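Read the structure below first, then the notes.
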Amino acid sequence: MSPNHPSFTRLFPTRSLLAVAFGAVLATAACGSGAPAAAPGSSGGTLVIGMTAADIPGTDTVLSFTQGFEGERFVNFQLYDGLTRYDLRQSAKTPEVVPGLATSWETSEDSLTWTFHLRQGVKFADGTPFDADAVVFAFDRLLNKESPFYYPAAAGAADLWTGQIKSYEKVDDATVRITTAQPSGHLLTDLTFLTFPSPTAVKKHGNQGFAQNPVGTGPFVFESLQPGQQLVLRPNKDYWGGPPKLDKLVLRPMPDASARTAALRSGEVNWIEYPNPDDIPSLEQSGYSLHTGEYDHLWYCTFDQAKTPWNDVRVRQAANYAIDREAIARDLLKGTATPAYQHAPASTEAYDQANDLYSHDPAKARALLAEAGVGGGFTTTLAVPTGGSGNLIPVPIATAIQSQLAKVGITVNIQKVEWSTLLADLNAGKPAAGADMQCASTVTYQAESLVRAYWAKGTPVYTGNWYSKEVDALTAEAERTLDPAKRATLFHQAEKVVSEEAPYLFVLSDRNPRMLAAGVSGLIQPKSWFVDLTTVNVANR
């Protein structure tokens with residue numbers, strides 16, 4: 001069917017809500033690079049980042065998610081591109097989804113068939129042309145079990161993003177068509193994570209060997225890997241969006257906040273994610289610069305409602321009234337986070353202030369516990385990661401929660417687990433370490449498939465054994481809706497139920513703090529978990 005056929009509607013990203021597209025032609029999307037070119041580096045320098053990740057993220061496209069969204073942030077989106085991407089070169093608003101390796105797209109009248117027009121002249125770092133065959137090869141690797149290069153590990157990691165895709169096909173060298181099983185309001189978001197490996201490199205090294213020899217079209221190119229220690233990337237001087245200014249990018253896993261801060265002070269690294277809040281004043285006095293901003297991120301706890309007494313809504317509500325979020329944000333996190341009173345972070349369009357139902361009210365908490373028949377108190381277990389992707393200072397936060405819940409009669413035994421262990425249990429559909437509660441961080445609506453993964457009927461991930469038919473129906477309708485305003489209304493309604501039923505302990509939204517050494521400049525701090533590193537440079541000293 002021709003794109004000029006009347007049954008096709010041309011789409012472009014118009015609002016930040018869940019990064020969906022709805023409307024008419026975006027003229028700038030159809031021509032040009034889709035992003036202002038970064039000038040070739042004059043100062044260059046080496047940027048060494050101390051990540052919160054517990055290990056080096058996977059280097060094979062979607063397998064970067066093995067270290068959560070920090071793997072997407074620093075590996076997947078640096079080595080590779082998707083058909084779409086987030087607009088991270090501005091800090092004024094939540095990033096929209098904009099053209100990536102596709103310059104424009106249109107959808108059929110029934111919103112099931114999407115036609116993507118590919119960016120011309122792009123090559124993988126090994127010289128392989130990027131074209132429709134490369135797109136089909138990558139999707140075959142994830143979705144076609146008959147393909148000789150089908151890769152189960154990658155397919156499993158990508159399942160969150162491929163669930164809407166029913167079929168895909170090459171139309172011509174510069175055009176691909178994707179058909180979804182139902183109208184999908186978050187397909188364009190999903191496609192940011194479905195990045196493309198070089199078919200030549202995969203065929204040469206095999207699925208297992210590709211991770212040691214990764215090749216993409218992204219702004220950086222693989223140089224070396226020391227397992228568990230560091231990943232070294234160099235700039236892709238031929239990057240279609242403009243070459244990075246850096247001479248080198250080094251990524252080091254440092255899950256402990258104090259260790260990251262010490263590494264920054266010693267000069268071992270010159271950028272750290274989430275500094276130890278207590279160290280921020282002295283770091284700033286020493287010439288380091290703090291960058292923060294509101295964005296889509298949540299630190300929360302999930303109750304296991306298969307267990308008594310968390311299966312009683314009054315007990316869950318009592319816990320939410322018992323904790324003092326303001327004190328945790330102010331006194332423990334020193335303003336690097338803000339209180340979260342509901343599941344939807346305040347920076348997202350799914351947020352509705354009317355759904356902020358809880359305050360610090362220990363008397364109300366005790367009354368609810370008494371009403372539920374546990375006024376004499378009870379003991380519960382809480383699993384918390386020792387560190388890992390975006391988890392702030394998780395053990396101290398859990399300790400603060402433990403102290404606050406104790407004041408209303410809830411005794412909490414903390415179980416510390418490794419981040420990778422918690423993720424493995426989560427994805428296996430079971431509570432981490434068998435605990436009654438588990439706490440961790442997550443991106444929410446900027447990766448909307450994840451929201452549905454927690455709320456849909458029959459989801460394979462751990463949900464705390466909570467299910468709401470109403471929330472499932474509302475979010476399923478939102479998933480099928482392309483109009484951002486209608487989607488916002490549906491999510492407001494769903495989040496109202498989530499607040500009332502309190503399947504989670506709503507705790508904090510951090511402010512995406514990162515600390516940079518003197519000489520590191522050019523960072524655009526986005527209202528996003530993700531970040532564009534092409535604008536950053538390090539002065540040679």
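Bear in mind that the values here come from a model prediction, so they are computed numbers and not experimental data. In what follows, every heavy atom counts, from backbone to side chain, and hydrogens, waters and symmetry copies are set aside.
- At a cut-off of 3.5 Å, with distance as the only test, no side-chain donor of Y300 or T442 sits close to an acceptor on the other residue.
- Looking at every heavy atom in both residues, A132 comes nearest to T175 through CB-O, 3.7 Å.
- P275 has its side chain within reach of L290: a pair of non-hydrogen atoms, C-beta onward, lies under 4.5 Å apart.
- Looking only at distances, no side-chain donor or acceptor of R119 sits under 3.5 Å from a matching main-chain atom of T103.
- Judged by distance alone, the side chain of T459 and the main-chain N or O of A456 form no donor-acceptor pair under 3.5 Å.
- The salt bridge (charged side-chain N to carboxylate O under 4.0 Å, His left out) analysis of residues 351-361, with sequence neighbours excluded, yields no pairs.
- Between Y168 and D140, some side-chain heavy-atom pair lies under the 4.5 Å cut-off.
- Looking only at side-chain heavy atoms (C-beta outward), L79 and V221 stay at 4.5 Å or farther from each other.
- Among residues two or more places apart in sequence or in another chain, the salt bridge (Lys or Arg N to Asp or Glu O under 4.0 Å) test is passed with D133 by K170.
- W529 and Q446 form no side-chain donor-acceptor contact under 3.5 Å, judged by distance and modelled atom types alone.
- Judged purely by atom type and a 3.5 angstrom limit, Q438 uses its side chain to pair as donor or acceptor with the backbone of A432.
- Residues meeting the side-chain contact (heavy atoms from CB on, under 4.5 Å) test with A138, sequence neighbours left out: F196, P197.
- Annotation: ring-ring contact (aromatic ring centres under 6.0 Å, His included) contacts of Y462 (sequence neighbours excluded): none.
- Looking at residues two or more places apart in sequence or on another chain, you find a ring-ring contact (aromatic ring centres under 6.0 Å, His included) between Y321 and Y358.
- Here R511 pairs with T292, E294 under the side-chain hydrogen bond (donor to acceptor under 3.5 Å, both in side chains) rule; sequence neighbours left out.
- Across V536 and L523, no two heavy atoms sit closer than the pair CG2-CA, 3.9 Å.
- Residues L83 and I178 meet the side-chain proximity criterion, which asks for heavy atoms closer than 4.5 Å.
- For the pair D296 (side chain) and T444 (backbone), a donor-acceptor distance under 3.5 Å is present.
- When all heavy atoms of A125 and V215 are compared, the pair lying nearest together is N-CG1, 3.7 Å.
- Residues that satisfy the salt bridge (Lys or Arg N to Asp or Glu O under 4.0 Å) test with D532, not counting sequence neighbours, are R89.
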Going through the checks in order, is the side-chain contact (heavy atoms from CB on, under 4.5 Å) test met by Q67 and W419? CA-CA 8 Å; Q67 285 297 313; W419 177 232; 3.9 Å; yes

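- Side-chain atoms of Y239 and D81 include a donor-acceptor pair closer than 3.5 Å.
- Of all the heavy atoms in I328 and I397, the pair that sits closest is CG2-CG2, 4.4 Å.
- Note: W105 and F116 have tilted aromatic rings, judged against thresholds of 30 and 60 degrees for the angle between ring planes.
- By the side-chain contact (heavy atoms from CB on, under 4.5 Å) test, E479 pairs with Q164, Q182, H186, R452, sequence neighbours left out.
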Worked verdict on V135 versus L101 for side-chain contact (heavy atoms from CB on, under 4.5 Å): CA-CA 10 Å; V135 173; L101 290 178; over 6 Å; no

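- A salt bridge does not link E477 with R480: every distance from a Lys NZ or Arg NE/NH1/NH2 to an Asp or Glu carboxylate oxygen is 4.0 Å or more.
- One N or O on the side chain of E70 and one on the backbone of T52 form a donor-acceptor pair closer than 3.5 Å.
- Here S509 pairs with nothing under the side-chain hydrogen bond (donor to acceptor under 3.5 Å, both in side chains) rule; sequence neighbours left out.
- None of H492, E349, E448 except one satisfies the side chain to side chain donor-acceptor pair (under 3.5 Å) rule with R487; the exception is E448.
- Q90 places a side-chain N or O within 3.5 Å of a backbone atom of A92 that can act as its donor or acceptor partner.
- The environment of NZ in K123 is sparse: at most 12 heavy-atom neighbours from other residues, nucleotides or ligands sit within 6.0 Å.
- When side chains are defined from C-beta on, T217 counts as touching F124, because their heavy atoms get closer than 4.5 Å.
- Distance check, rounded to the nearest 0.5 Å: CD1 of I323 to SG of C301 gives 7.5 Å.
- Partners of S441 according to the side-chain contact (heavy atoms from CB on, under 4.5 Å) rule, which considers only residues two or more places apart in sequence or in another chain, are H297, W299, N391.
- No side-chain N or O of T115 forms a donor-acceptor pair with one of H117 less than 3.5 Å apart.
- Taken from OG in S289 to CG in L516, the straight-line distance is 5.0 Å, to the nearest 0.5 Å.
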Apply the test side-chain contact (heavy atoms from CB on, under 4.5 Å) to residues R316 and Y504: give CA-CA distance (whole Å), side-chain angles for both, the deciding distance (0.1 Å), then the verdict. CA-CA 8 Å; R316 303 193 300 271; Y504 314 119; over 6 Å; no

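- T66 places no side-chain N or O within 3.5 Å of a backbone atom of P57 that could act as its donor or acceptor partner.
- Taking all atoms of both residues into account, the shortest heavy-atom contact from S64 to N76 is OG-CB, 3.1 Å.
- When the side-chain contact (heavy atoms from CB on, under 4.5 Å) test is applied to A447, the partners found at least two apart in sequence or on another chain are F69, W161, F193, V443.
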Check the pair R325, F506 against side-chain contact (heavy atoms from CB on, under 4.5 Å), reporting the backbone distance first and the verdict last. CA-CA 9 Å; R325 302 161 179 79; F506 312 114; 4.3 Å; yes

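- Checking side-chain atoms of Q78 against main-chain N and O of R73 turns up a donor-acceptor pair under 3.5 Å.
- Note: K245 NZ to S521 OG = 7.0 Å, rounded to the nearest 0.5 Å.
- For the pair D87 (side chain) and E96 (backbone), a donor-acceptor distance under 3.5 Å is absent.
- Side-chain atoms of R85 and V98, non-hydrogen and from C-beta on, do get closer than 4.5 Å to each other.
- Residues G216 and Y80 approach most closely at CA-CD2, 3.6 Å, considering heavy atoms.
- For the atom pair CG of L423 and CG of D425, the computed distance is 9.5 Å after rounding to the nearest 0.5 Å.
- For the residue pair T481 / D483, no side-chain donor-acceptor distance below 3.5 Å is found, with atom types taken as modelled.
- Using a 4.5 Å heavy-atom threshold, the side chains of T336 and Y274 count as touching.
- Note that the CG atom of L112 and the OG1 atom of T107 stand 7.5 Å from one another [nearest 0.5 Å].
- C439 SG to L508 CG: the interatomic distance, rounded to the nearest 0.5 Å, is 10.5 Å.
- Using a 4.5 Å heavy-atom threshold, the side chains of L474 and F491 count as separate.
- Here R514 pairs with E273, Q525 under the side-chain hydrogen bond (donor to acceptor under 3.5 Å, both in side chains) rule; sequence neighbours left out.
- Of the possible polar contacts, one joining the S499 side chain to the N355 backbone as a donor-acceptor pair under 3.5 Å is found.
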